[in-house]
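Note that ligands are numbered from 1 as they come in the structure, with each ligand's atoms numbered from 1 the same way.
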Amino acid sequence: MSEFDLTVRNGRIATASETYEADIGIRDGRIVALQQGLAPAAHDIDAAGRWVLPGGIDSHCHVEQLSGMGVMCADDFYSATVSAAFGGTTTIIPFAAQHRGQLLPDVVADYARRAAEKAVVDYAFHLILTDPTEPALTDHLPTLIRDGITSFKVFMTYKALKLGDDQILDVLAVADREGALVMVHAENNEIIDWLVRHLQAQGYTAPKYHAVAHAPLAEAEATNRAITLARLLDTPMLIVHVSQAEAIATIGTAQRLGAHIHAETCPQYLFLKADDLDLPGVEGAKFCCSPPPRDAASQQAVWQGLLDGTLKLFSSDHAPYRYDDSGKLPNGEKTTFKQIANGLPGLEVRMPLLFSEGVQTGRLTINEFVALTATNHARMYGLLPRKGTIAIGSDADIAIWNAEREVLISHSMLHDNVGYTPYEGRRIKGWPEVVISRGRIVVQDQTLQVGRGSGQYLRCGVPEPVLKARALRPPDNFVRTLFEHSQASQKDAQ
Ligand code: URP
Ligand code: ZN
Ligand code: ZN
């Protein structure tokens, strides 16, 4: 009898740093052998002529989440994780989203229960933090961080979600002390509100004006301000869903100055444009997300940011709202751009789009592709080496790609619940045909092979940027000491 539960043989393996030919032996969900000439186990996959890559990690997706406007995502933890798996992603990190007035431990318990019942691949959580009260900062956040939720997103825009700069400083200081990473949605709320008001006053309500209201400068200004706050405390920060040149330049400058600033982008900023919002009626709603898709020069800047390492994460920002009155169009054909739920689906096509447009065109090496879609996410959120790579001891999360397979993207072939894809009609080349999570074959022969609730919750460790910042930083930062002392005296006074 074989010492392995499953073998993957004859394929070409690529990690973020290496490319080689070897067979993989898997036992108890882990990779236990990596060498040529392994004998086949009873379950054996012949990967001849295929790429054998780490399963993807999508570290920015919204699942079974109520938006700031109170609209429920179209995907629950079942449909989202099934869709992720069919697109080669074996770990997702969605958000446990706090709305003002809610207690963080209750929010997390609710998301954890729903995910445990439904997920088919593994998952961790970030928080969305909208109400940084004293108990949240001094008690709830530290406890949740110790329990494995080591990243949280804050918003600089959306009335119902946004924090002021002073609140962001509080959150950064707590995250820094407790070993967590703050993710920032950087858009200037006042600029956007001002533009919305004047667009509406002139009767400009079509979806295309969403992209006008969410001006590139609103993103550039807020990105610079967020980075300034992180630099004041010399603490790490991740700017999410970066879409345009000036923000990327600001991030790059901060990185060269030695600030611990990291950044993510998404398919919509490489493959969609603001022009896509300009369709008859309200059809452009299908392309409304924030920040919005921009222009060709922005797409070029995003590609450049991925190539030169300014942007280290490629996530979907899957935020699925149906194209009807339950989602994007609360007032049907009369829905104005301000009323459209923001967000696009992308979990399933994230990796195939980048494989086709990045690897097949020669823009990216296969190793860069793996880094951008898997390994860098595991590093960023404290999941390496368990997730995000192919190595002895790592979870056997593997996607076997057929680089020759030509696919015409259409919503009918996807597995989400959204009812449309903004990439309808695109021809791409390359698709993950067999997807394995912890040694379980999840997708094979275009069929789901596992049941609801078979995914596992992952506790994240300390994010690598936090460890790096701590190692590099001089011990005497007066501003951080000031925060610690004033928090201690506030606690004593209670
Ligand atoms: O428009 C977007 N991106 N919606 C999802 C929520 C967010 O801001 O990431
Ligand atoms: Zn956001
Ligand atoms: Zn998002």
Subject >> Numbered atoms of ligand 1 (with element) below 4.0 Å of His60, judged on heavy atoms >> reply: 9 (O)
**OP:** Check whether NZ of the Lys or CZ of the Arg Arg452 lies under 6.0 Å from the centre of the six-membered ring of Tyr78 and within 45 degrees of that ring's axis.
**Re:** yes
Subject >> Selected option - heavy-atom contact closest to atom 1 (O) of ligand 1, from Gly68, Cys61, Ser290, Ser315 >> reply: Ser290
**OP:** Using a 4.0 Å heavy-atom threshold (strictly under), name the region of Lys153 that reaches ligand 1: side chain, backbone, both or neither.
**Re:** side chain
Original post:
Taking the side chain as C-beta and beyond, is there a heavy-atom pair between Thr150 and Val462 under 4.5 Å?
Top reply: no
Original post:
Should you measure from each heavy atom of Cys289, which atoms of ligand 1 turn up under 4.0 Å away?
Top reply: 1 (O)
**OP:** Run the numbers for me: atoms of ligand 1, each under 4.0 Å from some heavy atom of Phe155, listed by number.
**Re:** 8 (O)
Original post:
For Arg100, does the CZ atom have more than 12 heavy-atom neighbours from other residues, nucleotides or ligands under 6.0 Å away?
Top reply: yes
Original post:
If we only count heavy atoms from C-beta on, is the Leu129 to Leu141 side-chain gap below 4.5 Å?
Top reply: yes
**OP:** Using a 4.0 Å heavy-atom cut-off, say whether Ala319 meets ligand 1 through its side chain, its backbone, both or neither.
**Re:** side chain
**OP:** Could you check which N/O/S atom of His241 is closest to the Zn ion (ligand 2)?
**Re:** NE2
Original post:
For ligand 1, which atoms sit closer than 4.0 Å to a heavy atom of His62?
Top reply: 5 (C), 6 (C), 7 (C), 9 (O)
Subject >> Main-chain N/O of Asp131 paired with Gln98 side-chain donor or acceptor, under 3.5 Å >> reply: yes
**OP:** Examine all N, O or S atoms of His62, backbone included, and report whether one is under 2.8 Å from the Zn ion (ligand 3).
**Re:** yes
Original post:
Looking at residues at least two apart in the chain, or sitting in another chain, which of them share a side-chain contact (heavy atoms from CB on, under 4.5 Å) with Thr90?
Top reply: Asp397, Val435, Ser437
Subject >> Apex the Zn ion (ligand 3); atoms Asp317 OD1 and His60 NE2; angle rounded to 10 degrees >> reply: 90°
Subject >> Part of Asn342 within contact of ligand 1 (heavy atoms, under 4.0 Å) >> reply: both
Subject >> Derivation of the ring pair (Phe, Tyr, Trp, His ring centres under 6.0 Å) call for His241 and Tyr269 >> reply: CA-CA 8 Å; His241 46 49; Tyr269 308 120; 7.1 Å; no
Original post:
Any ion pair linking Asp193 and Arg197 (charged N to carboxylate O, less than 4.0 Å)?
Top reply: no
Subject >> Donor-acceptor contact present, side-chain Lys328 to main-chain Gly343, <3.5 Å >> reply: yes
Original post:
Quick one: which ligand 1 atoms are inside 4.0 Å of a heavy atom on Asp317?
Top reply: 2 (C), 3 (N), 5 (C), 9 (O)
**OP:** Look at His185 and state whether any of its N, O or S atoms is less than 2.8 Å from the Zn ion (ligand 3).
**Re:** no
Original post:
So, is Phe155 placed with an N/O/S atom under 2.8 Å from the Zn ion (ligand 2), counting both backbone and side chain?
Top reply: no
**OP:** Could you check His377 against Phe314 for ring pair (Phe, Tyr, Trp, His ring centres under 6.0 Å), going step by step and ending with a plain yes or no?
**Re:** CA-CA 9 Å; His377 302 251; Phe314 187 74; 8.5 Å; no
Original post:
Any idea which protein heavy atom is nearest atom 8 (O) of ligand 1, and the distance to it?
Top reply: His185 ND1, 3.0 Å
